[in-house]
**Student:** 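Okay, here's the structure, questions in a sec.
Note that the coordinates shown come from a computational prediction; the quantities given were computed from them, not determined experimentally. Indexing begins at 1, ligand by ligand and atom by atom, following the structure's order.
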Amino acid sequence: MKITFLDLQRQYDQIHKEIDVAINRVLNKQYFILGNELSLFEKNFAKYLNSKYCVGVGSGTDGLILALRSLGIGKGDEVITQANSFIATTLAITEVGAKPILVDVDEHTYQIDIEQVESKITKRTKAILPVHLYGAPCDISAIIEIAQKHHLLVIEDACQSHGAKYKGKQTGTFGDVGVFSFYPGKNLGAYGDGGAVCTDSLETYRKLLSLRNYGQSKKYFHDEIGVNSRLDEIQAAVLNVKLKYIESWNKRRNNMATAYKKHLKYVGVQKISKDSFSNYHIFIIRSKKRDIIATHLLNNGVQTLIHYPVPIHLQKCYQNLGYKRGDFPVSEKLSSEILSIPLYSELTKDEVKSISSLINDSAV
Ligand SMILES: *Cc1c(COP(=O)(O)O)cnc(C)c1O
């Protein structure tokens with residue numbers, strides 16, 4: 001058996017005719033930046049999310065940075081986020097000169113621990129930046145409530161949660177802005193880097209359009225200091241094709257997650273809260289025997305990963321934040337017990353069964 005953690009080839013095999021047509025359309029036009037493909041994708045993605053506006057950018061990380069900047073967050077400001085996430089969440093906060101204030105995650109959902117958020121609010125707090133981790137919605141309505149009570153902004157890191165919904169509403173559309181990544185391995189992935197920011201605010205939308213394009217209002221007239229971060233035409237063309245499939249792909253992933261949960265015997269799994277639809281971007285199992293399970297899987301040709309092996313507060317690059325081991329016990333414990341196993345919409349039922357058996361054999 002040989003099962004890689006992610007197998008994009010299988011997806012490409014299904015849709016290669018449409019993808020090749022889409023890419024060739026761009027090649028034949030020889031127009032690569034800020035053209036029709038991007039406008040169409042921005043319209044399509046906004047419609048899919050039921051958001052008013054969408055702005056395509058160079059990556060999810062850039063999306064987070066520009067989202068923060070578009071809301072005026074920068075030097076001297078504090079942004080509350082979680083200790084268990086991909087590093088890009090906090091990289092964006094520090095990149096704009098703000099300070100990440102970390103809280104732990106919940107023992108069962110692995111999402112930002114709502115109980116801890118309010119106690120971290122100070123005079124300098126400007127925003128809460130929750131992550132819909134592993135593609136499952138966090139308790140976003142509770143976050144919005146806290147934010148409204150304290151007049152804070154909310155930036156949703158929806159970089160893993162394309163199509164995930166809370167009470168039927170798309171993740172990324174609850175806060176002031178929602179940020180998506182189209183890194184190839186995400187549920188909606190481009191064939192290179194890419195990202196998008198969505199918002200219902202016309203003012204924020206205009207700001208984002210300017211910031212991503214050198215801060216220019218008119219060609220060669222620069223009203224503010226912007227950057228170059230645009231979703232290019234080839235990526236937008238690819239995403240226009242893939243967007244048509246995201247709902248069915250996410251459904252398949254859900255079926256597979258259900259099958260895993262049925263087969264798996266001795267390991268924990270992420271609790272998906274009531275009223276939530278996860279896109280199962282990453283399927284996590286949890287066990288004290290994590291390393292034994294991973295080795296057994298690898299020896300049998302199944303590749304796994306760990307998301308993430310080092311919590312944010314223990315990363316070397318953030319030594320200056322002044323945190324220490326023991327500050328966020330749940331995140332720390334998770335980092336030593338969680339394992340991400342293969343789950344993608346092209347995985348077969350038999351593969352899910354075989355992987356589950358290997359896990360059961362080594363976790364008992
Ligand atoms: C992927 C990801 C990002 C960053 O996206 P890039 O497109 O890789 O820059 C940010 N936050 C989370 C939680 C992610 O998973």
**Student:** Could an N or O of ligand 1 be found under 3.5 Å from any N or O of Asp193, whether backbone or side chain?
**Tutor:** no
**Student:** Do any nitrogen or oxygen atoms of Asp157 come within less than 3.5 Å of a nitrogen or oxygen of ligand 1?
**Tutor:** yes
**Student:** Looking only at distance, does Ala88 have an N or O less than 3.5 Å from an N or O of ligand 1?
**Tutor:** no
**Student:** Determine, for Lys126 against Glu78, whether the closest basic-nitrogen to carboxylate-oxygen distance falls under 4.0 angstrom.
**Tutor:** no
**Student:** Find out whether the Lys NZ or Arg CZ of Lys218 is both under 6.0 angstrom from the six-membered ring centre of Phe221 and within 45° of the ring's axis.
**Tutor:** yes
**Student:** Taking Arg10 first and then Asp13, would you say they form a salt bridge - that is, a charged N and a carboxylate O separated by under 4.0 Å?
**Tutor:** no
**Student:** In plain terms, say whether Glu42 and Arg212 are close enough for a salt bridge, that is, a side-chain N and a carboxylate O under 4.0 Å apart.
**Tutor:** yes
**Student:** What protein heavy atom lies closest to atom 9 (O) of ligand 1? Include the residue and the distance to one decimal.
**Tutor:** Thr61 OG1, 2.5 Å
**Student:** Taking the ring centre of each residue, are Phe328 and His313 less than 6.0 Å apart?
**Tutor:** yes
**Student:** With atoms numbered from 1 as shown, which atoms in ligand 1 lie under 4.0 angstrom from a non-hydrogen atom of Gly60?
**Tutor:** 5 (O), 6 (P), 7 (O), 9 (O)
**Student:** If hydrogens are left out, which of Ala158, Cys159, Ser181, Ala92 has an atom nearest to atom 8 (O) of ligand 1, that is, the closest non-hydrogen atom?
**Tutor:** Ser181
**Student:** With a heavy-atom distance limit of 4.0 Å, tell me whether Val131 approaches ligand 1 through its side chain, its backbone, both, or neither.
**Tutor:** side chain
**Student:** Which pair of heavy atoms, one from Tyr318 and one from Ile312, lies closest together, and at what distance?
**Tutor:** CD1-CG2, 3.8 Å
**Student:** Does an N or O anywhere in Lys186 fall below 3.5 Å from an N or O of ligand 1?
**Tutor:** yes
